[in-house]
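All chains are named by letter (A, B, ...) in the order of the sequence lines, taking the proteins before the strands, and each is independently numbered beginning at 1.
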Protein chains: 2
Amino acid sequence: MATIKDVAKLAKVAPSTVSRVIANNPRISDRTKERVREAMKSLGYHPNFIARSLANQSTQAIGIVLPSSADKAFQNPFFPEVIRGISKAAHQKQYALYMSTGETEEEIYDGVVHMVEGKRVDGIVLLYSSVNDKLTLFLRKKEFPFVIVGKPFKDVNEITHVDNDNYRASKEVTEHLIEIGHEQIAFIGGDLNLVVTIDRLLGYEKAVRNAGLPYKDEYIVHEEFLKEGGQEAVKELFGLSEPPTALVVADDLMAVGVLKMLFKMGIRVPEDVSVVSFNNIMMAELSQPPLTTVDINIFQLGCESARSIIQTIEYPMEPARRIIIPHKVVKRQSCKARDTAELKEA
Amino acid sequence: MATIKDVAKLAKVAPSTVSRVIANNPRISDRTKERVREAMKSLGYHPNFIARSLANQSTQAIGIVLPSSADKAFQNPFFPEVIRGISKAAHQKQYALYMSTGETEEEIYDGVVHMVEGKRVDGIVLLYSSVNDKLTLFLRKKEFPFVIVGKPFKDVNEITHVDNDNYRASKEVTEHLIEIGHEQIAFIGGDLNLVVTIDRLLGYEKAVRNAGLPYKDEYIVHEEFLKEGGQEAVKELFGLSEPPTALVVADDLMAVGVLKMLFKMGIRVPEDVSVVSFNNIMMAELSQPPLTTVDINIFQLGCESARSIIQTIEYPMEPARRIIIPHKVVKRQSCKARDTAELKEA
DNA sequence: TTGTAGGCGTTATCAA
DNA sequence: TTGATAACGCCTACAA
């Protein structure tokens, strides 16, 4: 394998000159550049990235961290889609992606420590934000460049992050349900340790209280962000003496589970109960009925997070930024107006 | 940031000794090991992976290559799922994943060349196999360790790969359709440059010919492996004077598109037309009606490919292997027996 | 404009 | 059992 020295020899220059040619240093004469480049071609020379990284202290790679249940997480199309966005933006800036994975929280923590201490990446994108996250603490202490996709649990102004306004989005969809006549609205959320769950719950609560509707604890259920999660939740809710007529589900995949369970129980959507959810993954359009959901622009979330981390890698002194990606409620067939007359009858 | 030298100084040994302690070299006395380890702890030392890579000529990372339309490919749950498998197996062996991406075929080719020449990875997993693939050629010429998920277009015995028996699987599902009385069976395939498409087409053809049914060119349609792809195909087929009564669709995502289009056109599944497809992604279960499909064990495909590449990295001289992951037809509600009497009537 | 030399943090070889 | 020393391949003062 040809090295810089071989090229130097062939072009009859010093290795440093070759190095400068690679960096396209303007102080090298065009004639020399020409000669060196020819030598590189004829030897099939390619710079060794590892060696370069070592000398430069930079790897041109960014690390991606999935939530601790990464195993399962990947089943939620949210993650592939953010990664697709990250991938796109990273590529534009010539950065590569590096993923370390693990099953338990410990494993993934160790993986990140290795990425960071081992200097395998220049920066990190966290694809989740959870309450009292050890990783966030670690990265901050190390002063290692990172951005969060989502809202940091604390120190919101000191951590660069890319997020939706989940509070607002959740408030909006809940208001939508209220506007069309629903009064018994339940919330099915994911892991309460995830900030996104909290935000969506708060938005829901705000809308409910604003409308002067009672905020009942029995109407709040939490399950994992997975299809199976939704199913448990449904059983609980519809065992209630006064079951809800509308559901705010914090994630499309869960909503799909909810739909399935509802179907099994003979509860019709949207005739008997309306459902709204979040993310607008492909399945939301595909489900039966198609889901009214909040499009949170997952892809863009990914793009912006990559741009952000690259920015903070290249200009480390800049202050932390917050980027809010716009959302949009996509209305489909999972909601139906609740006729108050009909309600009285029941 | 502490280096091996700092540790050496603190422990009052030579750097080389520290290095040996890291490698847990048995020829270092326990006393010294102890001292060195304490020094490492107290300095918060972590080995620098880049430096180690340079000295070792190994990175403990494996590169993942998505098909050239990687951008879109990621939308097909197949890829996240293989990656999940790869990820799992790679983690077990302490390998990290490295992804370079690109939109065009050129970009991705260059990306791989960089990975390889720049020595950023120890081996590569190709997540597709296409006819006359430039990358395969390149990797073989470089004698760089790689495995293909899928069947190599040529030199099948010289390239380690992990695949399903797609020919057989396709033959099986087609035979299933024939057994339940279908005679007009069409095939909707993906890109004909993909070996997997070819295999599935051949299996279909074999079954059709074995049964003595006519093999009509009009019944063979090719589209991209995407939801939209399926839709075009349907229009073509059902514009025929003798439209098919059953469809073999080469990919679940396409099948979903097919279903959607069929629905729009008022053609009922499975009453008017039966549909089978491949992969058994989550959506297949979710679609309306749920799809009869071939479960190809995507996750396992990923695991095995990772194990394989690690194997060939660590034991480079071993001969090429082929690993066939078993498949299984999962029968759901998209197929219906075709009553021959009814057929006569029509 | 170009060359020399030292360093980036490890590992590996050879002595001791 | 341990220590010097020379790689690994590239970058960058500093000199020329």
Side-chain angles (χ1 to χ4, degrees), chain A residues 1-40 43-61 94 113-122, chain B residues 1-40 43-61 94 114-122 314:
Chain A
M1 185 100 298
T3 78
I4 216 173
K5 287 183 189 163
D6 302 319
V7 177
K9 220 164 281 173
L10 184 60
K12 296 194 205 304
V13 295
S16 52
T17 302
V18 177
S19 174
R20 288 191 261 257
V21 172
I22 294 171
N24 201 16
N25 186 317
R27 316 196 294 192
I28 299 291
S29 75
D30 288 353
R31 268 217 349 270
T32 327
K33 277 186 184 171
E34 198 59 29
R35 262 212 338 277
V36 171
R37 294 209 171 106
E38 265 172 35
M40 297 200 302
L43 288 177
Y45 168 81
H46 283 265
N48 180 318
F49 225 93
I50 299 292
R52 182 180 271 195
S53 293
L54 186 57
N56 279 339
Q57 307 281 55
S58 105
T59 61
Q60 290 278 100
Q94 311 256 52
V113 172
H114 273 75
M115 288 212 257
V116 171
E117 307 275 21
K119 304 228 180 321
R120 286 181 93 138
V121 299
D122 294 341
Chain B
M1 185 100 298
T3 78
I4 216 172
K5 287 182 190 166
D6 301 320
V7 176
K9 219 164 282 172
L10 184 58
K12 296 193 204 305
V13 294
S16 49
T17 302
V18 177
S19 175
R20 287 190 263 252
V21 172
I22 294 172
N24 200 14
N25 187 315
R27 313 196 295 191
I28 298 293
S29 75
D30 288 353
R31 270 218 347 270
T32 327
K33 275 185 184 170
E34 199 60 28
R35 262 205 346 271
V36 171
R37 292 208 172 108
E38 265 172 33
M40 299 201 300
L43 288 177
Y45 168 81
H46 283 263
N48 181 318
F49 225 94
I50 299 292
R52 182 181 271 192
S53 294
L54 185 57
N56 277 340
Q57 308 280 56
S58 105
T59 62
Q60 290 276 103
Q94 310 258 49
H114 273 76
M115 288 212 260
V116 171
E117 307 275 20
K119 302 223 182 322
R120 287 181 90 140
V121 298
D122 295 340
E314 297 181 348

Nearest heavy-atom neighbours spanning A:A8 and A:A14
CB-C, 3.8 Å

Looking at A:I22 and A:Y45, what are the two nearest heavy atoms and their distance?
CD1-OH, 3.6 Å

Inter-residue atom distance B:R120.CZ - B:H114.NE2, 0.5 Å rounding:
9.0 Å

Measure CD1/A:I28 against P/D:dT12 and give the value in whole Å, please.
13 Å

Can you check whether A:Q60's main-chain N or O pairs, donor with acceptor, with A:Q94's side chain at less than 3.5 Å?
no

Angle of first-five versus last-five pair axes in the helix from C:dT1-D:dA16 to C:dA16-D:dT1, to 10 degrees:
40°

Side-chain contact, heavy-atom cut-off 4.5 Å: A:N48 with A:M1?
no

What is the minimum heavy-atom distance between A:V13 and A:V36, and which atoms define it?
CG2-CG2, 4.0 Å

Heavy-atom distance under 4.5 Å between the side chains of A:T32 and A:V21, does that happen here?
no

Sub-3.5 Å donor-acceptor pair from the side chain of B:S53 to the main-chain atoms of B:S58, do we have one?
yes

Residues in side chain to side chain donor-acceptor pair (under 3.5 Å) with A:N24, at least two apart?
A:K33, A:R37

With a strict under 4.0 Å distance from non-hydrogen atoms of chain A, what nucleotide opens and what nucleotide closes the contacted stretch of DNA chain C, reading 5' to 3'?
C:dT1 to C:dG9

Output the residues of residues 51-58 of chain B in contact with DNA chain D, where contact means a heavy atom of the residue under 4.0 Å from an atom of the strand; sort by number or write none.
B:L54, B:A55, B:Q57

Which heavy-atom pair separates A:V113 from B:H46 by the least distance, and what is that distance?
CG1-CE1, 3.8 Å

Return the value, rounded to whole Å, for the distance between atom CZ of A:F49 and atom C1' of D:dC8.
17 Å

Whole-Å distance separating the CD atom of B:E117 from the C1' atom of D:dC10
16 Å

CG-CE distance between B:L10 and B:M40, expressed to the nearest 0.5 angstrom
11.5 Å

Report the residues that fulfil side chain to side chain contact (heavy atoms under 4.5 Å, CB included) with A:K5, sequence neighbours left out, ordered by chain and then residue number.
A:T3, A:P15

Positions of residues 2-25 of chain B (non-hydrogen atom under 4.0 Å from DNA chain D), listed by number:
B:K12, B:V13, B:A14, B:S16, B:T17, B:R20

Please name the pair of heavy atoms, one in B:I50 and one in A:K119, separated by the smallest distance, quoted to 0.1 Å.
CG1-O, 3.3 Å

Scan A:Y45 against the nucleic acid and name what it touches under 4.0 Å (heavy atoms): base, sugar-phosphate only, or nothing.
sugar-phosphate

